[in-house]
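The next block holds one structure in the form of structure tokens; read it before the comments.
Quick note on labels: first sequence line is chain A, next is B, and so on, each numbered from 1. From a predicted model like this one, the values you see are computed outputs, not experimental measurements.
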2 protein chains.
Amino acid sequence: MSYPAADWRETRREAARAAIVEAAWAAVEDEGLAGLSLRDLAKRAGTTTPTIYKYFASKNDIYDAMFGQAAAEFEAFLAAPYPSEQPRAALEEGVRRFFAFCTSDIPRYQLLFQRTIPGFEPSPESFAAAVRALAGTRQVLARNGVTGTRQVDLWTALTTGLVDQQISNDPGGRRWTRLAEDSVTMFLDHARKTSSSSSSRRRRQRP
Amino acid sequence: MSYPAADWRETRREAARAAIVEAAWAAVEDEGLAGLSLRDLAKRAGTTTPTIYKYFASKNDIYDAMFGQAAAEFEAFLAAPYPSEQPRAALEEGVRRFFAFCTSDIPRYQLLFQRTIPGFEPSPESFAAAVRALAGTRQVLARNGVTGTRQVDLWTALTTGLVDQQISNDPGGRRWTRLAEDSVTMFLDHARKTSSSSSSRRRRQRP
DNA sequence: GTCTATAGCTGGATAGAC
DNA sequence: GTCTATCCAGCTATAGAC
């Protein structure tokens with residue numbers, strides 16, 4: 001109750017920042033991720049460009065706030081409790097969530113997973129949540145006996161490839177989404193075959 | 001020898017267009033695909049922007065010429081004779097070529113396979129070569145007993161996912177490239193298992 | 001902190017002399 | 001066909017009044 005004045009002032013400031021970020025999401029939904037302009041953003045937020053510069057140092061600073069928010073959403077989305085304790089069911093549920101997350105908001109997907117904006121690099125703090133979310137995926141993979149770097153890399157390539165084809169070549173459809181279950185089968189069959197000889201594989205990496 | 005005047009005039013014109021496109025490739029190699037500007041392009045081509053407009057109707061028209069050239073290169077690259085007649089070896093060679101083609105020129109890859117430029121759609125003529133190249137891949141897959149749409153889609157997702165992860169997360173390295181052989185094994189094992197029951201799968205598509 | 005106004009720049013595209 | 005010169009729109013970012 002009796003926090004110092006600086007605290008609620010900070011809270012107000014965060015609320016204003018959040019409102020601008022909210023308007024920014026609406027803007028990129030309409031104009032595309034790269035089409036974000038500060039003029040349009042200011043108009044949507046019911047303010048002006050100089051005011052925005054009181055809250056964000058630059059346009060990329062806004063992208064960074066959006067990235068951090070998206071990464072947090074991604075982490076929460078994947079970390080929600082899994083209904084089944086069966087490892088394979090959990091992996092399938094993870095893919096379903098990954099698809100649902102990516103296809104439900106394409107600018108968000110582009111910002112998080114593609115490198116489409118010229119000068120933008122997410123700050124370490126914003127990047128942290130994305131890394132944590134990937135760690136959750138690694139856990140689910142580990143419950144399925146998949147632990148090696150090569151296998152995890154193959155898994156990420158497979159899932160992102162499916163999502164990317166879906167978004168690029170059949171937006172709004174299910175042409176690649178429907179292959180998710182088949183993909184899990186294919187991947188796990190292969191992982192089981194190769195994990196027994198993982199040490200020899202590792203030795204073969206640099207001949 | 002005695003062609004009508006309109007013919008060599010047309011030839012000169014094509015040569016000038018080719019020179020501009022050549023300069024455009026150099027520009028995107030330096031500035032990024034989306035960073036192409038007509039001022040810079042004109043400077044590189046040793047001319048001025050109005051002259052460029054004598055040869056191309058718009059900036060997207062230049063992108064289209066680049067797309068058509070890249071698609072032709074892609075088709076030629078994949079269609080070169082395959083050293084081995086063994087189906088699996090041909091498929092592996094196809095992946096190797098796909099990786100080599102994509103990673104050796106990233107702006108070209110982005111132009112051909114990603115939808116990164118706002119208002120640009122390739123013209124049907126430019127798109128044709130890309131379609132032909134994909135048909136070649138389907139042939140190699142068919143020689144491996146892979147014919148169904150679902151399986152072909154899974155293959156494209158897998159290979160593009162690998163390339164995309166390689167370019168995005170380990171540019172210049174081999175972290176995902178080295179997984180190509182494993183991926184072929186994984187895919188073919190799975191394809192063999194499912195192709196025998198393809199009719200039942202097809203029936204299950206719309207329950 | 002919020003505004004008006006504008007600087008300063010870069011973009012695509014053109015008019016018109018030669 | 002090639003140039004100079006320029007238009008006009010858009011952008012990010014800031015100065016300065018209130």
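Residues passing the side-chain contact (heavy atoms from CB on, under 4.5 Å) test with B/Glu181, sequence neighbours excluded: B/Arg88, B/Glu92. Qualifying ring pair (Phe, Tyr, Trp, His ring centres under 6.0 Å) partners for A/Tyr109, counting only residues two or more places apart in sequence or in other chains: A/Phe113. Residues meeting the side-chain contact (heavy atoms from CB on, under 4.5 Å) test with A/Ser37, sequence neighbours left out: A/Arg39, A/Asp40. Under the rule for a ring pair (Phe, Tyr, Trp, His ring centres under 6.0 Å), B/Tyr55 has no partner lying at least two apart in sequence or in another chain. Under the rule for a salt bridge (Lys or Arg N to Asp or Glu O under 4.0 Å), A/Glu121 has no partner lying at least two apart in sequence or in another chain.
Counting any heavy atom pair closer than 4.0 Å across all strands shown, A/Tyr55 reaches sugar-phosphate atoms only and no base atom.
For residues 117-165 of chain A, every residue pair satisfying the ring-ring contact (aromatic ring centres under 6.0 Å, His included) rule, not counting sequence neighbours, is listed here: A/Tyr63-A/Phe120, A/Trp155-A/Phe187. Pairs engaging residues 18-31 of chain B under the side chain to side chain donor-acceptor pair (under 3.5 Å) rule: B/Asp30-B/Arg44 [sequence neighbours left out].
Taking a 4.0 Å limit (strictly below) on heavy-atom distances, residues 47-54 of chain B reaches DNA chain D at B/Thr47, B/Thr48, B/Pro50, B/Thr51, B/Lys54. Residues from residues 28-45 of chain A with heavy atoms under 4.0 angstrom of DNA chain D, sorted by number: A/Leu36, A/Ser37, A/Leu38, A/Arg39. Within residues 62-70 of chain A, no residue approaches DNA chain C, by heavy-atom distance under 4.0 Å.
No side-chain donor from either of B/Glu93 and B/Ser84 sits under 3.5 Å from a side-chain acceptor of the other. Side-chain polar atoms of A/Thr103 and A/Gln166 form no donor-acceptor pair below 3.5 angstrom.
By the 6.0 Å and 45° rule, B/Arg108 stacks over the aromatic ring of B/Phe101.
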Without placing hydrogens or testing angles, list every side-chain donor-acceptor pair under 3.5 Å for residues 74-81 of chain A, not counting sequence neighbours.
unit_1, atom_1, unit_2, atom_2, d
A/Glu75, OE1, A/Arg132, NE, 3.4
A/Glu75, OE1, A/Arg132, NH2, 3.3
A/Glu75, OE2, A/Arg132, NE, 2.8

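Once you apply a 4.0 Å limit to the heavy atoms of chain A, the touched nucleotides of DNA chain D run 5' to 3' over D/dC11 to D/dA15.
Residues A/Leu36 and A/Val28 approach most closely at CB-CG1, 4.0 Å, considering heavy atoms.
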